[in-house]
Protein chains: 2
Amino acid sequence: MAKAPTVYDVAERAQVSIATVSRVLRTPDAVRELTREKVLDAVRYLGYVPSANARGLAARRTNVIGLFFPGHDDLDYAAAVDARGDGGVPVVVDDDDRASETENLYFDEVLRGAEIEAWRRGFALMVAAGRGASREALINDIAGRVDGLAVLSSTVSDELLAHVARRIPVVVLAGSERDDGFDHVSASNGPGMRTMAGYVLQQHGVRDLVYVAGPGDSPDDAERLEGFRDALRDAGVDEATVPIERGDFTREGGQRIAERLVRGDSRPRAIVCANDQTALGVLDVLEQHGIRVPEDVLVTGFDGITAGRHSRPRLTTVHQPMVELGRAAVHAITARLDDPGLGPQSLTLPVRVVLRDSCPPV
Amino acid sequence: MAKAPTVYDVAERAQVSIATVSRVLRTPDAVRELTREKVLDAVRYLGYVPSANARGLAARRTNVIGLFFPGHDDLDYAAAVDARGDGGVPVVVDDDDRASETENLYFDEVLRGAEIEAWRRGFALMVAAGRGASREALINDIAGRVDGLAVLSSTVSDELLAHVARRIPVVVLAGSERDDGFDHVSASNGPGMRTMAGYVLQQHGVRDLVYVAGPGDSPDDAERLEGFRDALRDAGVDEATVPIERGDFTREGGQRIAERLVRGDSRPRAIVCANDQTALGVLDVLEQHGIRVPEDVLVTGFDGITAGRHSRPRLTTVHQPMVELGRAAVHAITARLDDPGLGPQSLTLPVRVVLRDSCPPV
DNA sequence: CTGAAAGCGCTAACAC
DNA sequence: GTGTTAGCGCTTTCAG
């Protein structure tokens, strides 16, 4: 790792000009075979690796796309990496901490989609999980490194986003399309929930149900609630007769609300939840109290996280195409890069209702 | 997105020199309060975002760390993102494709660990999944963009790695430490398997067992097999009496081998697998054939992927600290960046045997 | 504390 | 085909 060799070093060794070296690397066909060989030999000999910085600076583009989303749970960031295997392997019985595992599946999948699409289009992918205070600095930092940025809805202030958007295309993921001038990519939250709730109302003929919403500040949540209301209307059910509880999209939140519901005197026939985590929490509590699902109560979620396929009973849900969301986000960015003149784009990806045990097919 | 403003624009508007602008951004304390304010105002007004390329070029470091691993299944890379939500939401009954979900958990977790550690240390993280032929170009490309690179074992030829390592620190993930001059971060494969198999042999008193290995080219696999042999020796079991089947670390591979085993006349009492996927495949087949686990046959895996917690029966396994692997890799890189003089480092992270239903505690 | 000026390594006209 | 020559936008001495 002494001093990294540069085009100059390569040029000198190959007895050509630096322009030729550059050509061999970028447009090999524009160079005579023999010359090319000489240059490549020098490259190998010197261990030359082109500096993306210099290239980016000269070419005015980085060929990198950024993906920004909220940080993982702040649990143990400070924990040092100091555990060392000393040969002693502990044997433990199980250790079923259900909480941790379900959390980030959503981002993992979006990330995977973005990753696939980015490289397919010749871009590198830079990921950043913003935490608390550092967020502003972070987003600015990353913005300076990429040609375009995909940001998860509500993780960054519009103001900051606008600042960044002056420089590079920004696409907002999973938020409803507001008239904010950004590109948007999201899933059919409203129609999805409308169909799900409609199934409960129409096919199962339920009239006595409860809706467990998410935190008020989420656009996704708002759309789902709206879809739920539509379903009530479709079924001719008076909204006033249907309680709306406010959860927070977490398993614990679902548990808390379910506790209250279970204690109440009039137990609903169905609990429609705004996301899977919440629904899983509800299932936890119902099971604890010996309430049978789906016999006594129907439960539905939204998202389609993996954990829902393995729950007992398995969770009926509205599945979002998370990988596709990631891909679409990258696609939107590259589209705008290719044609900066484009007006604001909004893509809504289809969802599907997946019937499993917690609200089975009739 | 007109022309992005530069230090010059900011300097002009703030009536200072570009050097001062740079100072305000890098070392704010070295600038008078009043001057700083003027500059910051100009920054906000102009929507200035510093170019990481220019900075990297001038400062000779990118502050980015790269993570490279094998591409995801080549399934549908070509599939275009063209599905659009038209309001019609399909309702489907279940659709339990078990295959797809378990695949990339390992990378997802490593990635998460790397991500956490990178940002904690002030580095951005660039991820790249290399596919087939493009791999060489890719790795070179990414190498030019980062200050250090973590590579998953056996995804890149040693030759290429050596080339890259001349320029930046490279750490190999999850491969055994060979004397190749690279830094290594891995888990206690050998001791882990030795303990796991030892448990089967000693605690359950099994003598009649089969080992299902992975693909021959994986160093992890080799270490695990070695650990298995050690366990046999520990238990005084003649190696010659224990069949070693060769799988390929996939669920299908496990199924294939289990089919053979089930058909054979002498059914083993235990099947020790080199990874979880394989073990899950084995479980699939045993269940199909009505063979009870653990009553008739014990099954163990290795890795600790989430799917193993949800299988029926739940899978006993050796758990690797995947998130920690990612963190440790990044840590190793930053350590070397701080002190380039360091000799080759090798970190082996501890694993633990997790007893679940498929091979329960005695 | 602030400014002037010299690069960092590469690309992209533009000549030859 | 190949070489020359400007920059790209920022950091960093070195003066002042």
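What you see below is based on every heavy atom in this structure, not just the backbone, and it leaves out hydrogens, waters and symmetry mates. Keep in mind that this is a model prediction, so the values were computed, not measured.
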Pairwise side-chain contact, B/Ile333 with B/Phe123, heavy-atom cut-off 4.5 Å (strictly under)
no

Going by heavy atoms in the side chains, are A/Ile168 and A/Val146 under 4.5 Å from each other?
yes

Got A/Val151 and A/Phe69 here, is their nearest side-chain heavy-atom distance under 4.5 Å?
no

Applying salt bridge (Lys or Arg N to Asp or Glu O under 4.0 Å), name anything that partners B/Asp141, two or more places apart in sequence or on another chain.
B/Arg145

Do A/Asn140 and B/Pro50 come close enough that some side-chain heavy atom pair is under 4.5 Å?
yes

Axis-to-axis angle between the two ends of the helix from C/dC1-D/dG16 to C/dC16-D/dG1 (five base pairs per end, rounded to 10 degrees)
30°

Applying side-chain hydrogen bond (donor to acceptor under 3.5 Å, both in side chains) to A/Asp183 and not counting sequence neighbours gives A/Arg336

Contact boundaries of DNA chain C with chain B (under 4.0 Å, heavy atoms), 5' to 3'?
C/dC1 to C/dG9

Find out whether B/Val64 and A/Met126 are in side-chain contact, i.e. whether some heavy atom of one side chain is under 4.5 Å from a heavy atom of the other.
yes

Residues 23-41 of chain B, side-chain donor-acceptor partners within the protein, below 3.5 Å, at least two apart:
{"residue": "B/Arg36", "atom": "NE", "partner": "B/Pro28", "partner atom": "O", "Å": "3.3"}
{"residue": "B/Arg36", "atom": "NH2", "partner": "B/Val31", "partner atom": "O", "Å": "3.3"}
{"residue": "B/Asp41", "atom": "OD1", "partner": "B/Arg44", "partner atom": "NH2", "Å": "3.1"}

With a 4.5 Å cut-off on side-chain heavy atoms, are B/Leu67 and B/Leu152 touching?
no

At under 4.0 Å between heavy atoms, which parts of nucleotides 8-16 of chain D does protein reach? Answer with one letter per nucleotide, 5' to 3': B base, S sugar-phosphate only, - none.
BBBBBB---

Can you tell if the side chain of A/Tyr8 reaches within under 4.5 Å of the side chain of A/Glu12, non-hydrogen atoms only?
no

